[in-house]
S.K.: 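Provided herewith is a single structure, encoded as structure tokens, for subsequent inquiry.
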Number of protein chains: 2
Amino acid sequence: MDAIPANASKVVQTATARVHDVVKQRILNGHYQADEYLRETSVANELNVSRTPVREALRELVSEGWLEAIPHRGSRVVAWTAKDAREVFELRLVLEPLAVRLASTQISKPCFTYLETLATQMESLTEEVNTNAESRNGIASLNHEFHRTLILASNNQRLANLLENVVRTSVIHRNFGNYDLANLRRSMRHHREILEAIAAGSPEWAENVMRAHLLAAQALHVPHTNTPSG
Amino acid sequence: MDAIPANASKVVQTATARVHDVVKQRILNGHYQADEYLRETSVANELNVSRTPVREALRELVSEGWLEAIPHRGSRVVAWTAKDAREVFELRLVLEPLAVRLASTQISKPCFTYLETLATQMESLTEEVNTNAESRNGIASLNHEFHRTLILASNNQRLANLLENVVRTSVIHRNFGNYDLANLRRSMRHHREILEAIAAGSPEWAENVMRAHLLAAQALHVPHTNTPSG
DNA sequence: TTAGTCTTTTTTGTATGCAATCTTCGTTGT
DNA sequence: ACAACGAAGATTGCATACAAAAAAGACTAA
């Protein structure tokens, strides 16, 4: 709940931090594309700073996995392959259930209430999905907030950091575009069931619903039709 | 197996890379202690470079979790608390079994043979533990290599990176000092059993032995005597 | 035409100087 | 005595200049 950014008191951020945020945003929204080299002087000119803070920001983004650096050649946006998607999913499938299990035993009352609010809002938007064009975007951002809140409630800062980096890198390619109403409703039902499991004091239940939740989502992105017949 | 460092071809590394390695080493061996501030000019003078490469190296180490940076105040070595130990262990307990499970299905023959060699060498050293003073150190480094090799065989680069960072930060405080011969033998038996499970084509078996392996190690560091009686 | 080599240009890597900020410590007023 | 204030010193943040390396292009020779 009370997730206070480390530098909340200080409104002024350093130039390096600004460059870091702007470049990350531009990678996310596609302004910088895969395999594109980021020239230090170009970025510096665009943002009206010198090369020094740009270099420092790029180095951070390399450590976080957004860029890859080749000595004496520069930094470029990492390309997203099928192998990357697989790797991230394998990790999410163990890390996020872990987060839910841990959160189950130590979540605070207000945090739980907040999750219920998010779930309710998402359920409302789900029923509007055929009439409201913006519905899917709303669900996507509420969904992200739901998962993020749950992860923070795990009381494991490293786990939260890992998931933040891992999931954010993949979020570029993820939305609710290929969810029909039935799939959306199941997804919402999962959220609600996770909360029920937590309320019932069963970490294992919560953990397994989360796994089902992720696997159901995966199945939509990688269809593997296997309709039993006969 | 064929784990080639990214810059193996280039013998010359940049000053930044050198500073990075040296400072990391000094954190590991205790030359820089917990909560100690690293002054950019001091480090620069000690290593005969200017502040620029030092700043860049420190920023990388911050991203990797070795240091923490406070704007306009500097970077200091992160202190290791009981909570940190708990967080890392929670992560290891899901990540390393995952690595073994993945490795089980796709490990190469030479890689498997290499693991058997390592296991054999460790078993030999184990029986010398009461006569050879250097035995424990040898086991520790072979053990690290065993786990590292297994993780790389998972064919999930992100997972390998995560574990490298997560485990390395905790390795400062870990050795085989409090293992008696019985515990050492069980640990060796675990290694061997993991290989047997892989050879038998059972990822679940391998995965669960790894979990037992980690939990047994944990029990030694956090004794929780609960001898059943009556 | 093409492979190879030298030159030019571009880009990254490092050093240094100065500005901004924080810390320390002495001073003053109550 | 002690809190508030302020100046001096220390330290990080940023800009700029130059060096080193790599890439691109031009020229030559086969």
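Every chain is numbered from 1 and lettered A, B, ... according to where its sequence line falls, protein lines coming before strand lines. Only heavy atoms go into these numbers, but all of them, side chains included; no hydrogens, no water, no symmetry mates.
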S.K.: Suppose we screen for salt bridge (charged side-chain N to carboxylate O under 4.0 Å, His left out). Which residues come up paired with Arg39(A), at least two apart in sequence or across chains?
M.R.: none

S.K.: For Glu68(B), which residues count as a side-chain hydrogen bond (donor to acceptor under 3.5 Å, both in side chains) partner, sequence neighbours excluded?
M.R.: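 Glu68(B): side-chain hydrogen bond (donor to acceptor under 3.5 Å, both in side chains) contacts with Arg76(B).
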
S.K.: Yes or no on side chain to side chain contact (heavy atoms under 4.5 Å, CB included) for Trp80(A) and Val88(A), after CA distance, side-chain angles and deciding distance?
M.R.: CA-CA 11 Å; Trp80(A) 191 258; Val88(A) 166; 3.6 Å; yes

S.K.: Rounding to a whole Å, what distance do you find between His72(A):NE2 and dA23(D):P?
M.R.: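 Rounding to the nearest Å, NE2 of His72(A) and P of dA23(D) are 11 Å apart.
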
S.K.: What pairs with Asn137(B) under side-chain hydrogen bond (donor to acceptor under 3.5 Å, both in side chains), at least two apart in sequence or on another chain?
M.R.: Glu134(B)

S.K.: Please list, chain by chain and in numerical order, all residues satisfying side-chain contact (heavy atoms from CB on, under 4.5 Å) with Glu87(B), sequence neighbours excluded.
M.R.: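 Checked Glu87(B) against side-chain contact (heavy atoms from CB on, under 4.5 Å); matches are Asn156(A), Gln157(A), Arg158(A), Lys83(B).
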
S.K.: Could you check how far CZ of Arg51(B) sits from C1' of dC18(C), rounded to whole Å?
M.R.: 11 Å

S.K.: Which ones in residues 53-62 of chain B lie close to DNA chain C, meaning a heavy atom under 4.0 Å from one of its atoms?
M.R.: Pro53(B)

S.K.: Which residue pairs pass the salt bridge (charged side-chain N to carboxylate O under 4.0 Å, His left out) test when at least one of the two sits in residues 13-35 of chain A, sequence neighbours left out?
M.R.: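 Qualifying pairs, neighbours excluded: Arg26(A)-Glu46(A).
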
S.K.: Within the pair Thr52(A) and dC14(D), is there a side-chain N or O less than 4.0 Å away from OP1 or OP2?
M.R.: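 For dC14(D), neither OP1 nor OP2 has a side-chain N or O of Thr52(A) closer than 4.0 Å.
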
S.K.: Which residues pass the side-chain contact (heavy atoms from CB on, under 4.5 Å) test with Ala206(A), not counting sequence neighbours?
M.R.: Val100(A), Ser104(A), Ala197(A), Ile198(A)

S.K.: Tell me the interatomic distance from Arg76(A), atom CZ, to dA23(D), atom P, rounded to whole angstroms.
M.R.: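 Distance check: Arg76(A) CZ to dA23(D) P gives 11 Å.
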
S.K.: What is the distance, rounded to the nearest whole Å, between atom CG of Asn45(A) and atom C1' of dT11(C)?
M.R.: 13 Å

S.K.: Checking salt bridge (charged side-chain N to carboxylate O under 4.0 Å, His left out) for the pair Arg148(A)/Glu145(A): CA distance, chi angles, key distance, verdict?
M.R.: CA-CA 5 Å; Arg148(A) 205 182 66 89; Glu145(A) 176 70 1; 3.4 Å; yes

S.K.: Under the rule for side-chain hydrogen bond (donor to acceptor under 3.5 Å, both in side chains), what residues qualify as partners of Arg136(B), not counting sequence neighbours?
M.R.: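 For Arg136(B), no residue satisfies side-chain hydrogen bond (donor to acceptor under 3.5 Å, both in side chains) once neighbours in sequence are set aside.
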
S.K.: Write down the distance between CD (Gln13(B)) and P (dG13(C)), rounded to a whole number of angstrom.
M.R.: 13 Å

S.K.: Once salt bridge (charged side-chain N to carboxylate O under 4.0 Å, His left out) is applied, do any residues pair with Glu207(A), and if so which ones, sequence neighbours excluded?
M.R.: Arg101(A), Arg211(A)

S.K.: Kindly write out the residues that satisfy side-chain hydrogen bond (donor to acceptor under 3.5 Å, both in side chains) with Ser141(B), not counting sequence neighbours, or none if the list is empty.
M.R.: none

S.K.: Using the 3.5 Å cut-off, write out each protein N or O paired with an N or O of nucleotides 7-9 of chain C and the distance between them.
M.R.:
none

S.K.: Side-chain donor or acceptor of Arg73(A) under 3.5 Å from a matching atom on the base of dG13(C)?
M.R.: no

S.K.: Using a strict heavy-atom distance below 4.0 Å, which residues from residues 36-43 of chain B are in contact with DNA chain D?
M.R.: Leu38(B), Arg39(B), Glu40(B)

